[in-house]
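To start, the structure under review is shown below, and the notes come after it.
Sequence lines set the chain letters: A, B, ... in the order given, protein chains first and strands last, and positions in each chain run from 1.
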Protein chains: 2
Amino acid sequence: MATINEVAKLAGVSKATVSRVLNNRPVSSETYAKVMKAIRELKYQPNAQARSLSLRRAKVIGLIAPDLQGVFHGPIIMGVEQVLQNNDFNLIVSRVQSKEYRLAKMLKEKKVDGLIITTPRQIGEKAILALKRDNFPVVVIDGNVGKQVSSVEIDNYQGAFQATEHLIKLGHTRIAVISSPPSFRESQERLLGYQDALKQYNLPFDSTMVREGDYLLPSGEREMEKLLALPSPPTAVFAFSDLMAIGAIHCLFKKGFSVPKDMAVIGFDDSIVAQSFYPPLTTVRQPIMEMGVVAARKMLAILSGEEVEPTHVILQTSLVVRASCGADLHQ
Amino acid sequence: MATINEVAKLAGVSKATVSRVLNNRPVSSETYAKVMKAIRELKYQPNAQARSLSLRRAKVIGLIAPDLQGVFHGPIIMGVEQVLQNNDFNLIVSRVQSKEYRLAKMLKEKKVDGLIITTPRQIGEKAILALKRDNFPVVVIDGNVGKQVSSVEIDNYQGAFQATEHLIKLGHTRIAVISSPPSFRESQERLLGYQDALKQYNLPFDSTMVREGDYLLPSGEREMEKLLALPSPPTAVFAFSDLMAIGAIHCLFKKGFSVPKDMAVIGFDDSIVAQSFYPPLTTVRQPIMEMGVVAARKMLAILSGEEVEPTHVILQTSLVVRASCGADLHQ
DNA sequence: TTGTATGCGTTATCAC
DNA sequence: GTGATAACGCATACAA
């Protein structure tokens with residue numbers, strides 16, 4: 001590959017001048033033409049590494065996630081990459097490993113200009129705050145590490161409220177919940193939304209109605225079974241993930257029950273499994289890809305100096321009514 | 001951040017010596033100790049960009065895909081990133097845009113050392129061959145661009161044969177196919193596997209039994225409907241994706257049919273939707289993540305000079321028997 | 001407007 | 001074993 005020196009030589013100018021036309025700085029139209037001609041002839045392509053070293057920025061940002069696929073992190077990657085690509089940045093993705101030090105490494109090596117960290121449960125708040133303290137650009141998705149670091153989250157409270165309210169308006173009074181681990185912040189937020197909806201409609205809160213799952217299908221199936229064994233079982237169940245909702249339905253189907261006739265079921269996420277299941281799942285839609293988009297925009301704003309103070313955006317959920325609760329069966 | 005110069009100064013040695021300890025070259029144990037002490041004190045971290053510029057390799061490889069999420073490309077990314085991380089490489093992911101030139105750009109800029117390209121339908125054979133001609137390290141996943149470029153694919157023929165044979169052994173003689181677009185190579189390979197299985201068991205091939213879908217759910221539903229309208233409908237259907245198989249089942253359920261009692265349905269992929277659907281889908285499993293793993297290993301081998309001649313590995317599929325064909329209902 | 005010289009932070013090639 | 005010094009390829013302050 002040709003270098004800037006060869007282009008300069010062929011065009012009969014100094015490499016400083018070549019650099020100028022590359023960066024759209026004022027040059028005479030004649031030299032511009034000469035240089036462009038040489039660039040084309042040599043098929044010259046600037047070396048990104050040399051440029052990065054000189055400019056002290058890589059035009060690469062890193063994304064750290066516990067998982068690089070799946071219904072949650074997949075769309076986030078899509079969203080992030082989309083806006084980065086439109087701004088001529090590249091995206092390095094990395095799955096977080098046990099050794100948390102890897103996190104800071106990419107930044108300190110200057111391999112990336114900033115880091116977007118999603119669902120930083122395994123990483124730990126202190127590690128992220130340490131980065132922030134060293135003044136590294138950091139944006140967190142779906143995690144709470146304090147007000148010092150910019151973040152984008154979704155409104156878990158509101159999502160849970162919507163789901164519960166939907167069930168209540170359908171006439172249900174005994175509404176069970178299959179939750180995620182209580183230690184997760186979103187579990188608490190969603191549980192609060194559920195309880196507040198109950199309260200607002202003067203329905204009693206019954207602690208036997210809330211079961212703990214782990215977001216995956218088998219836990220939904222398992223907890224539904226326990227719910228069914230209750231002296232007074234629920235008539236509707238709100239699962240904190242689509243997969244657990246589907247797991248609950250598996251249990252119901254195996255026992256010969258019908259959905260939504262015998263039991264209304266509502267999920268959370270609106271992932272591909274919600275749309276493709278039969279009956280199509282009513283669920284709370286998380287604007288997942290948009291989280292990635294917003295996070296990437298925020299990172300770019302930080303890098304360009306537009307955003308100096310950390311900000312926190314909370315994206316709204318929306319209820320997607322399909323067939324698993326008995327409304328709008330015309331899907 | 002400290003540089004190698006500051007470390008040298010603090011340790012009272014030259015930066016060449018610091019570089020030596022960093023790269024495990026012979027130094028006296030005393031100087032080694034001095035340098036390490038200085039490194040620790042300054043929290044020195046080598047600058048990856050400077051190193052890349054000097055070494056002319058970035059220790060980054062790029063992955064170009066039509067999509068960065070979903071049941072196919074998500075696992076591929078996982079597989080690739082896993083082996084790269086274990087070898088201290090980073091992964092830049094990029095969704096292929098209309099402008100194909102972006103493809104070569106990362107390579108020519110030396111932002112990445114090599115490129116893994118998946119499902120290169122939109123990219124075009126000539127663009128990839130052009131890269132190969134310029135001697136850029138390239139590995140293709142799930143695409144055929146000729147013997148010149150290393151590739152990893154799955155055995156579509158065998159997968160289709162397995163699926164068809166399974167249905168035949170279950171007693172079916174009228175087996176329909178919901179295919180993918182005939183222009184796709186894998187469509188042809190799978191169709192051949194289907195036909196050969198028929199032939200091997202002395203079953204006639206009926207062209208009205210093969211319908212064309214587009215891998216997505218609605219097309220499965222649509223084509224199932226047409227199949228049902230036939231004078232002599234099939235008793236089993238083999239869809240070339242899980243989503244189309246599920247679409248077919250949607251159609252069946254809406255018409256009051258039961259699966260597998262009234263119709264056996266088999267899919268292809270073994271994606272998350274196959275496992276979570278009810279009835280759980282019998283399907284042909286593609287070792288998707290493994291494709292990523294193999295591709296990444298191959299890329300590393302190319303870069304280290306181990307692999308000089310292009311090789312082509314074909315991964316085997318396996319039949320996952322669940323409930324949608326009536327066998328092994330004990331799932 | 002253009003050229004010269006220097007810096008960016010490494011590694012590598014020499015000498016010593 | 002160790003230390004100068006020259007690349008690596010680009011951007012830029014300063015001169016001209």
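- Remark: B:Asn23 is in phosphate contact with C:dT11, judged by side-chain N or O atoms under 4.0 Å from OP1 or OP2.
- The CD1 atom of B:Ile39 sits 10 Å away from the P atom of C:dT10 (whole-angstrom rounding).
- The distance between atom NZ of A:Lys111 and atom C1' of C:dT10, rounded to the nearest whole Å, is 14 Å.
- Checking side-chain atoms of A:Ser54 against main-chain N and O of A:Ala50 turns up no donor-acceptor pair under 3.5 Å.
- Contact annotation: B:Ser19 side-chain N/O to C:dT11 OP1/OP2 distance is under 4.0 Å.
- Side chain B:Arg20 to base D:dG3: a donor-acceptor pair is found below 3.5 Å.
- Looking at heavy-atom distances under 4.0 Å, B:Lys15 makes contact with a base.
- B:Ser52 places a side-chain N or O within 3.5 Å of a backbone atom of B:Ala48 that can act as its donor or acceptor partner.
- At C:dT10, none of the side-chain N or O atoms of B:Ser54 fall inside 4.0 Å of OP1 or OP2 (strictly under the cut-off).
- Spacing between atom CG of A:Asn5 and atom P of D:dA6 amounts to 16 Å, rounded to whole angstrom units.
- Going from atom CD of B:Gln49 over to atom P of C:dT10 covers 11 Å, rounded to whole Å.
- Side-chain contact annotation: A:Glu186 with A:Asn156, donor-acceptor N/O pair under 3.5 Å absent.
- Computed from coordinates, the A:Leu53 CG to C:dT6 C1' distance equals 13 Å when rounded to whole Å.
- Side-chain N/O atoms of B:Thr3 include none lying less than 4.0 angstrom from OP1 or OP2 on C:dC8.
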Notebook entry, point to check: Going through the distances and angles, do A:Arg185 and A:Glu125 end up as a salt bridge (Lys or Arg N to Asp or Glu O under 4.0 Å)?
Noted result: CA-CA 13 Å; A:Arg185 180 186 40 101; A:Glu125 196 169 329; over 6 Å; no

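- Note on B:Tyr32: nothing from the nucleic acid sits closer than 4.0 angstrom, heavy atoms only.
- A:Glu307 places a side-chain heavy atom less than 4.5 Å from the side chain of A:Ser150.
- Counting to the nearest Å, the C1' atom of D:dT12 and the CZ atom of A:Arg51 are 14 Å from each other.
- When the C1' atom of D:dG3 is taken as reference, atom NZ of B:Lys9 falls 15 Å away, rounded to whole Å.
- Contact annotation: B:Thr17 side-chain N/O to D:dT2 OP1/OP2 distance is not under 4.0 Å.
- Within the nucleic acid shown, B:Leu55 comes within 4.0 Å of sugar-phosphate atoms alone, with no base atom in reach, counting heavy atoms only.
- Contact annotation: A:Arg25 reaches the phosphate of D:dT12 (side-chain N/O to OP1 or OP2, under 4.0 Å).
- Looking at heavy-atom distances under 4.0 Å, B:Glu30 makes no contact with the nucleic acid at all.
- Mapping A:Val13 and B:Asn47 onto DNA chain C by nearest heavy atom places A:Val13 closer to the 5' end of the strand.
- Nucleotides of DNA chain C nearest to A:Thr31 and B:Ile4 differ in position, and the one nearer the 5' end is that of A:Thr31.
- Counting to the nearest Å, the P atom of C:dT1 and the NZ atom of A:Lys34 are 15 Å from each other.
- Among all heavy-atom pairs drawn from B:Met106 and B:Ile64, the shortest one is CE-CD1, 4.0 Å.
- Side-chain N/O atoms of A:Arg56 include none lying less than 4.0 angstrom from OP1 or OP2 on C:dC8.
- For the pair B:Gly12 and A:Gln45, both in contact range of DNA chain D, the more 5′-proximal nearest nucleotide belongs to B:Gly12.
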